[in-house]
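Predicted model, so just to flag it, every value in this text is computed and none were measured. Along the sequence shown, residues carry numbers from 1.
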Amino acid sequence: MAIVDYRGHRVVAQSIIPGILQGDKTESLLYGSVDNGKKISWNEKFHLKVLEAGKLIHIKEHEILDGSGNKVKMCAPVECKGIVGSDDRYYMLDLMRTTPRDINYMGPGSRLCVLRPELVSAFCQVEALERLKKTKGEEETYEKSLSQEHLPMILLNPNVFTDFTVAGEPEEKLSDEELVRKAGQYLVEVVLPKFIQDLRSLEVSPMDGQTLSEALHAHGINIRYLGQVALLAKDLPHIWDLCIIEMAVRSAKHVLKGILRETPDQDVAGAIAHFFNCLLGLEVVTASSETVPQILSGPEKSEVSGKPPRKASGKKKKGGSHMALPEKANLLSSSYTEEVKQIDSTKDRFKQKRVPYVDKISEKRPSYTTISSELVWSDIIENVKLKYQFDLPEDARSRVRKISTFRNLCQKVGVTLAARSYDFNAPAAFQTLDIQDLHAVVKHAAPACADSHDLMESGKLRLAQGKLSEAYELFSEAFTILQQVCGPMHREVANCCRYLAMVLYHAGDMAGAIMQQHKELIINERCLGIDHPDTAHSYGNMALFYHGLNQTELALRHMGRALLLLNVSCGSDHPDVAATFINIAVMYQEMDRMHVALRYLQEALKKNERLLGSDHLQTAVCYHALAIAFNCMGAYKLSLQHERSTYNILVKQLGEKDSRTNDSAMWIKTFLKAHAEKQIGQQAVNVATAQKAAEVLKARSDLVQVFQAAAGGTAGRGVISKAAAAAALMGDVVPRSRGIDERGARAAAEVRKKAAAKGLHVRPQAPGKSVPPLNDLLTLINTGLVNATPSNGSAASNSEIAAKGISSQVEPDLKHSEPKTVSANGAAELDSQQPDSIILTETAGSRTPLGLGGGLNLPDNKKRRPKKIV
């Protein structure tokens, strides 16, 4: 069975049962009712088969009173139909209520608000365990919970809380009602908080409306609880925005369907384009309404009842051939009605004279031109309030992401848009020619293969245990079964290929992993679409496998594709985008492009702190990645600060005894040791450089004159002229200095005396130095004029000698370490800690890395010159 939605109409399609189109239908009915319970058919042989199937879906056998007061035993909803086909097989139809009603929705119009089968299955298992605990001990309960055969059978009555009369003892009826109430409470009190917890821990990470619906259904939550999910997840900005967009899009879908039902074929494209422009929040004047009198624009909301048009009546006015107007007559002002009557009377008056312009006016006034942005959004807000019990925020229009919203709406309605760049700030972003097609949207329940599902679950367990060979055999067997049952192009087949690729990747077979991952990518693109989040994740996994083969450039191209698809489906503010940034940073880090890697890591840290919070585990991952990056660059102080932030988050979330917390503590010790070794090595280098400089000065007396001239000159505040030093070292003539300007010195002294006499604050003048500072000597030698810098190996011995004496002093007190505030732009502190071989800025022709905005660009080279230390 399938449901087909097209142009606002819904059709239920099902396969033709053999013999159903022949003979009298009432004679072939053996089970159920066709007249809403007035007469209920029953057959013992049919009932036994239904009873056997009902136990599998937790339906209880119960008694129902028909219209005559007769008791009938049933194990199905009353409105079901059981017939025998001409092939002597048993068939059941109309099984919409195989699960009980949702006790949380008992108002008018909620007759079909039933619980999902996933929730009923989970509730029955939990209820069976609770009953087992009451009768037997907890140890025996745990042992029997592993085998479902020993659990008591929990069955629910689908006909309680309905218009049908349930027969039986009063105690039994109360027990059935209480069990259904308990199932509804289990949904609100247990399942919804558990789902929010999974969202916070990123065990469930929906990216668009489709993946959000799948996640809700997998947990047994109906879409009508979307408003409650939004309220519970208000501290997660990406989930809050996603829920608001999904509720607005679903409400906009119903509004658009009502418009399409009353729109003729020739105006469908124009109606869709006009509705999309109104959804953007723009007051649009279509091309057709420009030639029509101003009355066709419709009245404002303040002039009428304040409610938008819901649907049209489909009736035409007498004497007119124009499009049917909306059903709510209060939407039409009196001036509109009078003008329409005048046009109709004018047309009747000049009908014999065949005046053509009157016909053109009546033809150019389709009903959708009366729709405005205010009417559309007022109807959306009302629909969200009615269906989801949620009040849209005042800034709902501005919070809506344009590309993601229209992608979601087009998928739900079946609209195909032209591929071009749309200006969403234009008065009319969508034109009639942009609507290329309107196709039917088909929904159906895909049957699942139980054998392959069990094999894949066993394979996941073996993979988690590290048993790669057993996992590969299980996944291969599941892959064979799925190909025979579902065919090669199926979503579950792609899922199996992904796990096979993962097993081969951990086994070291990169070529085989890439082949299986490529299969998954092709299947996802064809079955789910090129812009589906699963397709984006396929590109990301492919990039990781290419990176394992040291094909980093190809891996970065796949990562760029994954990042583009993620931005289309969920926007830039999502934890998966931050995770992709971390993966890209790791690739740039191995390419020795550390500053590009730092920019990705800093942006990922900002996103995770904004979306998940500063104490989230994913934020700790970002801090640890930044610590590793700074360690590779030699900035041990910054790496130590970031790793301490990681440790504090892990202690708060996981505790001190967790393995990940202990790993972070070991990293802190490693960074402390590296920082101490760097300081010891730097001191050894300074001593060696000073000795070398002293030897050079003793051998060359002309250099002493250069330093003295630099120290005594007016422009030399401890700064040595590199040109003079270079000339002296090369044996050239030392260039003359200007000497000391005695008149200027005396004038400055007089000014200082007068200022001091008046009581003004005078900055003390530094006394002249006969010998330049040691830092200037070190700077002069390190710039390459004297090749006396020792290698890293020469300082290793000094660091090893003092390591034992320093280790006891730098050992951190991990239990009482206070969290240090580390700015995301930690690279600004890097200049004083850069190793000798790092260039601090990119070249002038380097382009902005993929996914990072222009605000993250480095300064221009004219403003900030690159510093290179050799």
Side-chain angles (χ1 to χ4, degrees), residues 3 5 7-10 96-97 101-116 119 161-163 184 187-188 192 209 212-213 216-217 221-234 239-262 275-276 278-279 281 298 300-302 304-314 326-331 368 370-400 405 408-409 412-413 441 443:
I3 296 175
D5 290 331
R7 284 187 61 178
H9 299 280
R10 170 163 289 187
M96 292 182 294
R97 289 197 313 104
R101 285 193 64 177
D102 188 355
I103 194 64
N104 303 306
Y105 286 84
M106 298 296 294
S110 57
R111 187 176 65 89
L112 295 179
C113 292
V114 296
L115 300 175
R116 290 196 61 83
L119 179 78
F161 299 112
T162 60
D163 297 334
L187 170 59
V188 175
L192 274 176
L212 177 61
S213 302
L216 288 171
H217 292 165
I221 304 173
N222 304 85
I223 294 294
R224 57 179 173 268
Y225 286 94
L226 203 55
Q228 297 189 31
V229 172
L231 293 175
L232 293 174
K234 197 171 183 179
I239 300 297
W240 169 264
D241 292 341
L242 182 58
C243 292
I244 288 178
I245 291 174
E246 183 65 14
M247 288 185 288
V249 168
R250 286 180 176 270
S251 301
K253 176 189 69 173
H254 292 291
V255 177
L256 181 57
K257 283 183 176 181
I259 296 173
L260 292 179
R261 277 195 294 266
E262 304 300 333
F275 179 81
F276 282 2
C278 293
L279 188 62
E300 295 296 331
K301 180 178 177 180
S302 59
V304 291
S305 62
K307 297 182 180 180
R310 284 184 170 272
K311 59 181 180 179
S313 61
E327 182 180 4
K328 292 186 178 181
N330 54 8
L331 289 175
Y368 69 81
T370 63
I371 300 172
S372 65
S373 178
E374 295 296 330
L375 292 176
V376 168
W377 275 99
S378 61
D379 205 359
I380 290 175
I381 292 173
E382 182 183 356
N383 196 302
V384 169
K385 177 66 176 178
L386 178 64
K387 191 171 183 179
Y388 304 104
Q389 288 79 47
F390 183 82
D391 294 324
L392 285 178
E394 297 180 357
D395 59 343
R397 299 191 195 183
S398 59
R399 297 178 70 93
V400 169
T405 299
N408 194 358
L409 183 59
K412 285 180 169 55
V413 183
V441 178
K443 302 178 183 178

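Residues Leu279 and Val400 are not in side-chain contact: their nearest non-hydrogen atoms beyond the backbone lie 4.5 Å or more apart. Between His217 and Ile223, the closest side-chain pair of non-hydrogen atoms falls below 4.5 Å. Annotation: side chain of Ile103 is not in contact with side chain of Leu187 (no heavy-atom distance under 4.5 Å). Counting heavy atoms from C-beta outward, Leu119 and Asn222 have side chains that stay 4.5 Å or more apart.
Once rounded to the nearest 0.5 Å, the distance linking CZ of Phe390 with CG of Asn383 reads 14.0 Å. A distance of 8.0 Å separates CZ of Arg261 from NZ of Lys257, quoted to the nearest 0.5 Å. Note that NZ of Lys385 is 11.5 Å distant from CD of Glu382, once rounded to the nearest 0.5 Å. Rounding to the nearest 0.5 Å places CZ of Arg224 at 11.5 Å from CG of Leu216. Once rounded to the nearest 0.5 Å, the distance linking CG of Leu226 with CD of Gln228 reads 10.0 Å. Note that CE of Met106 is 6.0 Å distant from CZ of Phe161, once rounded to the nearest 0.5 Å.
Within the 3.5 Å criterion, the main-chain N or O of Val441 finds no donor-acceptor partner in the side chain of Asp5. Looking only at distances, a side-chain donor or acceptor of Asp102 sits under 3.5 Å from a matching main-chain atom of Asn104. Formation of a donor-acceptor pair under 3.5 Å by the Ser251 side chain with backbone atoms of Ala248 is not found in this model.
Across all non-hydrogen atoms, the minimal contact from Arg10 to Lys443 is NH2-NZ, 3.8 Å. Shortest non-hydrogen contact noted between Ala230 and Cys243 is CB-CB, 3.6 Å. Val114 approaches Arg97 most closely through the heavy-atom pair CG1-CG, 4.1 Å.
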Under the salt bridge (Lys or Arg N to Asp or Glu O under 4.0 Å) criterion, do Glu246 and Lys387 qualify, and how do the steps go? CA-CA 13 Å; Glu246 183 65 14; Lys387 191 171 183 179; over 6 Å; no
Test log, rule side-chain contact (heavy atoms from CB on, under 4.5 Å), inputs Arg116 and Ile221: CA-CA 7 Å; Arg116 290 196 61 83; Ile221 304 173; over 6 Å; no
Apply side-chain contact (heavy atoms from CB on, under 4.5 Å) to the pair Val229 and Leu192, showing each step before the final yes or no. CA-CA 7 Å; Val229 172; Leu192 274 176; 3.8 Å; yes
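With Phe275 as the partner, the side chain to side chain contact (heavy atoms under 4.5 Å, CB included) test is satisfied by one option alone out of Leu256, Leu260, Val413: Leu256.
A side-chain N or O of Tyr105 and one of Gln389 form a donor-acceptor pair less than 3.5 Å apart.
Within 6.0 Å of CG on Asp395 lie more than 12 heavy atoms contributed by other residues, nucleotides or ligands.
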